[in-house]
There are 2 protein chains.
Amino acid sequence: MKISELAIASNVPAKTIRYYEQVGLLKPARRNDNGYRQYRIKDIDTLVFIRRCRELNIAIGDIKQLLDAQQNPNASCAFIDDMIAKQLNRIQQTQRELAILEKTLSALATSCANHKIEDCSILHHLKSN
Amino acid sequence: MKISELAIASNVPAKTIRYYEQVGLLKPARRNDNGYRQYRIKDIDTLVFIRRCRELNIAIGDIKQLLDAQQNPNASCAFIDDMIAKQLNRIQQTQRELAILEKTLSALATSCANHKIEDCSILHHLKSN
DNA sequence: TCTTGACCTTCCAGTGACTGTAAGCTTTAG
DNA sequence: CTAAAGCTTACAGTCACTGGAAGGTCAAGA
């Protein structure tokens, strides 16, 4: 399978696949005679796994750990627990911050259309709270 | 006023003030004989304004527009309206995405402590949804 | 006067996770 | 045979800073 085929199968851009290889998330692909990367079915699974993790906003470094972990079935998985918990905390914190942000912007978002800059209530509020 | 004094007065690191000048958010500061940047009281206001906008997650390019606008008091301020609305939409979209993310991670966050990798329910779910 | 330390300057690199672009080789279709 | 598509690498750009190095300036204390 060539990189573009893997890209379609995994729904990850070829460019991004090369990037994942570059940062060590994927092992360097085998090359065939012309130097093109050669992939296997298994690589689709890996990429889908990575993409799923990325959708959950798990950092590349953490995904690397998750992939490594799968090579040692007998190791403890406590750190995976921690990773997900940490992630959850981060998201909840962001949610709280966004809620405040939304409130502030909602208050700001009064219509200024047809007004002049010097009368703009939004600018006024931004300048002196 | 030297840059460190402005930094304290505006609560913006000196490093960041130089950065703002570099990207054109602040006009190049006047220099005194030794080459040090020389600031005025007015510059505190500008930086506080910038910081307030940044806290609302308004991009530097957009802040530049807001600052430019204040130079033309007679121009229309309709675009400011648009900018805030755009911002609000973005935040609300992010909030929706984070809500889904939180739900997914909450479902994942079952305790795996003391288990082995091969039994890890989190990994299991990440691998095949 | 000398020295020490704090502060200033510029410039370059790094962050995270890609994305864009350019130059050059290979393959494929007409 | 040629043109287009696809592959390769390498470097730059994104965003908003932040860190660090190398060197100039200044004020205070011995």
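All heavy atoms count here, side chains included; hydrogens, waters and symmetry mates do not. Order of the sequence lines sets the chain letters (A, B, ...), proteins ahead of strands, with each chain counted from 1.
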Report the end-to-end axis angle of the helix from C:dT1-D:dA30 to C:dG30-D:dC1; each axis comes from five terminal pairs, and the value is rounded to 10°. 30°
Short of 4.0 Å, heavy atom to strand atom, which residues of residues 61-68 of chain B count as contacting DNA chain C? none
Hey, does B:A59 reach any base, or is it just sugar-phosphate, or nothing, if we go heavy atoms under 4.0 Å? sugar-phosphate
Anything under 4.0 Å to a heavy atom of chain B counts; send over the first and last such nucleotide of DNA chain C, read 5' to 3'. C:dC7 to C:dC11
Which residues pass the side chain to side chain donor-acceptor pair (under 3.5 Å) test with A:Y20, not counting sequence neighbours? A:R51
Please give, in whole Å, the distance from D:dA16 C1' to B:I17 CD1? 15 Å
For A:Q93, enumerate each residue passing the side chain to side chain donor-acceptor pair (under 3.5 Å) test, keeping only those at least two apart in sequence or located in another chain. A:R96, A:E97
Which donor-acceptor pairs under 3.5 Å do side chains of residues 25-33 of chain A form with protein atoms, sequence neighbours excluded?
| unit_1 | atom_1 | unit_2 | atom_2 | d |
| --- | --- | --- | --- | --- |
| A:R31 | NH1 | A:G35 | O | 2.9 |
| A:N32 | OD1 | A:Y36 | N | 3.4 |

Mind checking side chain to side chain donor-acceptor pair (under 3.5 Å) for B:Q92 and listing every partner two or more places apart, or none if nothing turns up? A:E102
Summary of protein contacts for nucleotides 23-29 of chain D, nucleotide by nucleotide, where a base hit scores B, a sugar-phosphate-only hit scores S (4.0 Å, heavy atoms): -BBS---
All N/O contacts under 3.5 Å from nucleotides 17-19 of chain D to the protein, with atom names and distances to one decimal?
| unit_1 | atom_1 | unit_2 | atom_2 | d |
| --- | --- | --- | --- | --- |
| D:dC17 | OP2 | B:Y20 | OH | 2.8 |
| D:dC17 | OP2 | B:R54 | NE | 2.7 |
| D:dT18 | OP2 | B:T16 | OG1 | 3.0 |
| D:dG19 | N7 | B:K15 | NZ | 3.0 |
| D:dG19 | O6 | B:K15 | NZ | 2.8 |

Just grab all the side chain to side chain donor-acceptor pair (under 3.5 Å) pairs involving residues 3-16 of chain A, residues at least two apart or on different chains. none
Partner residues of A:D62 under the side-chain contact (heavy atoms from CB on, under 4.5 Å) criterion, sequence neighbours left out: A:I58, A:A59, A:Q65, A:M83, A:K86
With B:R37 via side chain to side chain donor-acceptor pair (under 3.5 Å) - residues at least two apart: B:E21
On DNA chain D, check which nucleotide each of A:I3 and B:N57 is closest to and give me the residue with the more 5' one. A:I3
